[in-house]
Visitor: 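Quick one: the structure is below, and I'll ask about it shortly.
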Amino acid sequence: MQQNLFYAAKNKNTICPQPHRATTHGRCAHSIIRLAVCKKNGGDFLLRIEDTDQNRFVPGAEQYIIDALHWCGITIDEGVSVGGTHAPYRQSERKEVYRSYAMQLVASGNAYYAFDTAEQLEQQRKNAEEKKETFSYGSATRMSLNNSLALTVEEVKELISKNVPYVIRLKVQENETITFTDLIRGEVSFDSNLVDDKVLLKSDGMPTYHLAHIVDDYLMEITHAIRGEEWLPSAPAHILIYRYLGLTAQMPHYAHLPLLLKPDGKGKLSKRDGDRLGFPVFPLEWKDPTTGEVSSGYRENGYYPEAFVNMLAMLGWNPGTEQEIFNMNELIAAFSIDHVHKAGARFDPEKTKWYNTQWMLRQSDEDIAKRIKPMVASLTGITTDDVRLSDSFLTACVALLKPRVQFEKEMPEKGLYLFIEPTEYDQTVISKKWKPEFKDFFKMLSDEFTASNEWNSQIAEQTFKAAAEKNNLKPGEVLQLFRVFVSGQAQGVDLFPMIQLLGKNQVLKRLESALKLV
RNA sequence: GGCCCGUUCGUCUAGGGGUUAGGACAUCUCCCUUUCACGGAGGAAACACGAGUUCGAUUCUCGUACGGGCUACCA
């Protein structure tokens with residue numbers, strides 16, 4: 001799943017562009033921000049696949065990201081799944097484009113060939129580590145390494161003619177202060193002596209992210225490069241590449257978004273945290289094709305995409321008002337990058353549930369009824385021609401159940417007694433409340449119910465109270481028993497509305513069965 | 001270690017030189033409900049620390065501490 005996927009947004013008016021990128025889990029949050037920035041500026045949202053690391057190719061990951069974005073309600077205007085004028089959108093299919101830019105940098109003296117093997121560099125790092133130093137391939141060390149700056153022209157030619165593998169590295173000028181403006185953090189500056197000579201083109205001919213994203217952002221007319229904070233340290237190198245390419249004027253605005261942190265402990269939220277702490281980190285369930293490992297998804301756990309998006313958006317961003325429920329359009333309308341927080345946000349699974357409940361409350365009973373119908377059918381074995389599976393019955397059940405659950409998928413199980421007769425009765429209530437003399441009351445109640453011509457919750461309640469009075473009972477003494485006799489449970493939906501919904505015959509039947517057992 | 005970024009209730013956050021420092025989640029109490037929830041009311045709960053600037057700093061500056069990120073031919 002570590003496939004690198006890139007979203008970008010561009011503004012077709014060529015004025016204020018913007019790119020965006022994201023992966024799959026909590027980084028959906030970044031995509032939402034990207035989309036908001038993009039749409040707020042009237043731009044197009046672009047999906048680019050950054051698959052330059054061939055070792056990390058994961059089958060299915062590309063389709064997964066498209067599906068996940070779709071589920072979130074993010075529409076892609078241009079890119080790998082929909083095409084566009086800047087195709088191809090997979091970086092692996094654009095290899096030659098990057099090479100030409102790398103060569104341009106070599107020609108202008110801003111990049112060079114390096115022949116050092118992975119082993120040699122590893123050794124350098126080890127040596128440095130022993131001296132408690134950090135090896136950095138840069139201005140301080142490049143002249144003592146195996147590259148076209150340190151070698152003679154002849155040596156370089158020979159190595160190349162012998163097909164010795166090489167990479168192309170950026171030649172960072174020394175003694176400079178590199179400053180740029182981050183849309184979220186303001187002015188940020190770095191000492192160029194501390195920026196390493198990043199690999200631009202790998203020995204397999206593929207570009208690194210550093211080169212590829214710049215070339216593509218430029219070619220695809222990206223106006224805003226919005227990415228996670230983990231990219232901030234390499235931003236100076238990116239600024240330099242634009243400069244050396246003579247594209248400073250075309251450089252997009254950069255913004256580095258805060259990271260999502262683990263709910264407990266420390267560090268950035270990772271895939272493992274989800275299963276460890278019992279909440280999903282993936283929008284959709286993901287099965288790793290190589291390990292077969294399955295990671296749960298928000299969708300499969302019963303979350304609404306609106307709730308997922310809403311929750312993510314509110315992590316690190318705020319509208320500046322006290323509104324907290326937003327759909328995507330409202331989000332875009334209210335969005336301002338000024339209200340993006342700088343610090344990382346600790347992810348809170350509890351609040352996510354709350355968002356889901358809020359969105360559930362906003363669903364119509366009819367819609368929920370339609371969705372839970374298959375679950376009710378399989379749970380109860382009731383067939384579709386039964387009234388209990390009718391839209392009207394189900395809708396009434398939903399209305400009763402709705403304030404009592406956080407997820408609509410809890411309804412069938414939690415409201416099982418609405419569909420099938422109880423087989424067990426809450427013994428705590430019975431042993432605590434039941435007295436043999438109550439039998440007369442329930443007998444009378446049955447008779448009065450039988451005799452009544454009309455059936456609704458008010459009448460049932462009046463009948464109940466009247467019967468209690470005639471037996472010199474307070475309603476409270478027998479009410480809880482009545483509930484248990486009808487539903488089997490000590491707690492549940494509003495009693496008399498339930499009585500109305502169940503219908504006279506069903507209530508009488510349940511009462512009779514229960515009375516036989518006490 | 002070095003570099004960069006950050007730091008307001010337990011958590012997500014608003015605010016910004018003079019405020020009773022506001023909201024939300026969670027938590028507690030009460031009300032509603034003769035159940036459980038929902039809902040309503042209320043409580044407890046925060047400006048990391050130290051200097052400086054200032055009449056006055058939570059807010060500006062600098063340090064310190066703490067947290068995070070990066071330090072790959074990964075993104």
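What's counted below: heavy atoms across the whole structure, side chains too, no hydrogens, waters or symmetry copies. Every chain is numbered from 1, with letters handed out A, B, ... down the list of sequences.
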Visitor: N/O contacts under 3.5 Å, protein versus nucleotides 5-13 of chain B?
Guide:
{"from": "B:C5", "atom 1": "O2'", "to": "A:Arg185", "atom 2": "NH1", "distance (Å)": "2.4"}
{"from": "B:C5", "atom 1": "O2'", "to": "A:Glu229", "atom 2": "OE2", "distance (Å)": "3.0"}
{"from": "B:C12", "atom 1": "OP1", "to": "A:Arg346", "atom 2": "N", "distance (Å)": "2.9"}
{"from": "B:C12", "atom 1": "O2'", "to": "A:Met314", "atom 2": "O", "distance (Å)": "3.2"}
{"from": "B:U13", "atom 1": "OP1", "to": "A:Gly316", "atom 2": "N", "distance (Å)": "2.8"}
{"from": "B:U13", "atom 1": "O3'", "to": "A:Asn318", "atom 2": "ND2", "distance (Å)": "3.2"}

Visitor: With a cut-off of less than 4.0 Å, is there a side-chain N or O of A:Thr52 near OP1 or OP2 of B:A75?
Guide: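 Yes, because at least one side-chain N or O of A:Thr52 sits under 4.0 Å from OP1 or OP2 of B:A75.
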
Visitor: Any N/O pairs under 3.5 Å between the protein and nucleotides 28-33 of chain B? List them or say none.
Guide:
none

Visitor: Show the atom names and distances, to 0.1 Å, of all donor-acceptor pairs under 3.5 Å that link a side chain in residues 171-185 of chain A to residues at least two apart or in another chain.
Guide:
{"from": "A:Asn175", "atom 1": "OD1", "to": "A:Asn193", "atom 2": "ND2", "distance (Å)": "2.9"}
{"from": "A:Glu176", "atom 1": "OE1", "to": "A:Arg243", "atom 2": "NH1", "distance (Å)": "2.7"}
{"from": "A:Asp182", "atom 1": "OD1", "to": "A:Ile184", "atom 2": "N", "distance (Å)": "2.7"}
{"from": "A:Asp182", "atom 1": "OD1", "to": "A:Arg185", "atom 2": "N", "distance (Å)": "2.8"}
{"from": "A:Asp182", "atom 1": "OD2", "to": "A:His256", "atom 2": "N", "distance (Å)": "3.0"}
{"from": "A:Asp182", "atom 1": "OD2", "to": "A:His256", "atom 2": "ND1", "distance (Å)": "2.6"}
{"from": "A:Arg185", "atom 1": "NE", "to": "A:His256", "atom 2": "O", "distance (Å)": "3.2"}
{"from": "A:Arg185", "atom 1": "NH2", "to": "A:His256", "atom 2": "O", "distance (Å)": "3.0"}
{"from": "A:Arg185", "atom 1": "NH2", "to": "A:Lys342", "atom 2": "O", "distance (Å)": "3.4"}

Visitor: I'd like to know if A:Glu129 pairs up with A:Lys126 as an ion pair, taking the criterion as any Lys NZ or Arg NE/NH1/NH2 lying under 4.0 Å from an Asp or Glu carboxylate oxygen.
Guide: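 No, A:Glu129 and A:Lys126 are not salt-bridged.
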
Visitor: In terms of relative ring orientation, are A:Phe282 and A:Tyr64 parallel, tilted or perpendicular, with 30° and 60° separating the classes?
Guide: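 Answer is perpendicular, since the angle exceeds 60°.
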
Visitor: From C-beta outward on A:Pro403, which listed nucleotide comes closest to its side chain: B:C70, B:C38, B:A75?
Guide: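 Shortest atom-to-atom distance from the side chain points to B:C38.
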
Visitor: Under a 4.0 Å threshold between the charged nitrogen and the carboxylate oxygen, would A:Arg90 count as salt-bridged to A:Asp51?
Guide: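 A:Arg90 and A:Asp51: not salt-bridged.
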
Visitor: Starting at CE of A:Met498 and ending at P of B:A37, how long is that distance when rounded to a whole Å?
Guide: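 Between P of B:A37 and CE of A:Met498: 17 Å.
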
Visitor: Side-chain donor-acceptor pair under 3.5 Å between A:Gln91 and A:Tyr209, yes or no?
Guide: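 No, no side-chain donor-acceptor contact under 3.5 Å.
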
Visitor: Expressed in angstrom and rounded to an integer, what is the separation of A:Tyr417 atom OH from B:A37 atom P?
Guide: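 Checked: the OH to P distance equals 13 Å.
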
Visitor: If a pair satisfies ring pair (Phe, Tyr, Trp, His ring centres under 6.0 Å) and one of its residues is in residues 118-141 of chain A, list it, with sequence neighbours excluded.
Guide: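 Qualifying pairs, neighbours excluded: none.
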
Visitor: Polar-atom pairs under 3.5 Å, protein N or O versus N or O of nucleotides 39-50 of chain B: list them with distances, or write none.
Guide:
none

Visitor: For RNA chain B, what residues of residues 469-479 of chain A have any heavy atom nearer than 4.0 Å?
Guide: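 Here the set is A:Pro475, A:Gly476, A:Leu479.
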
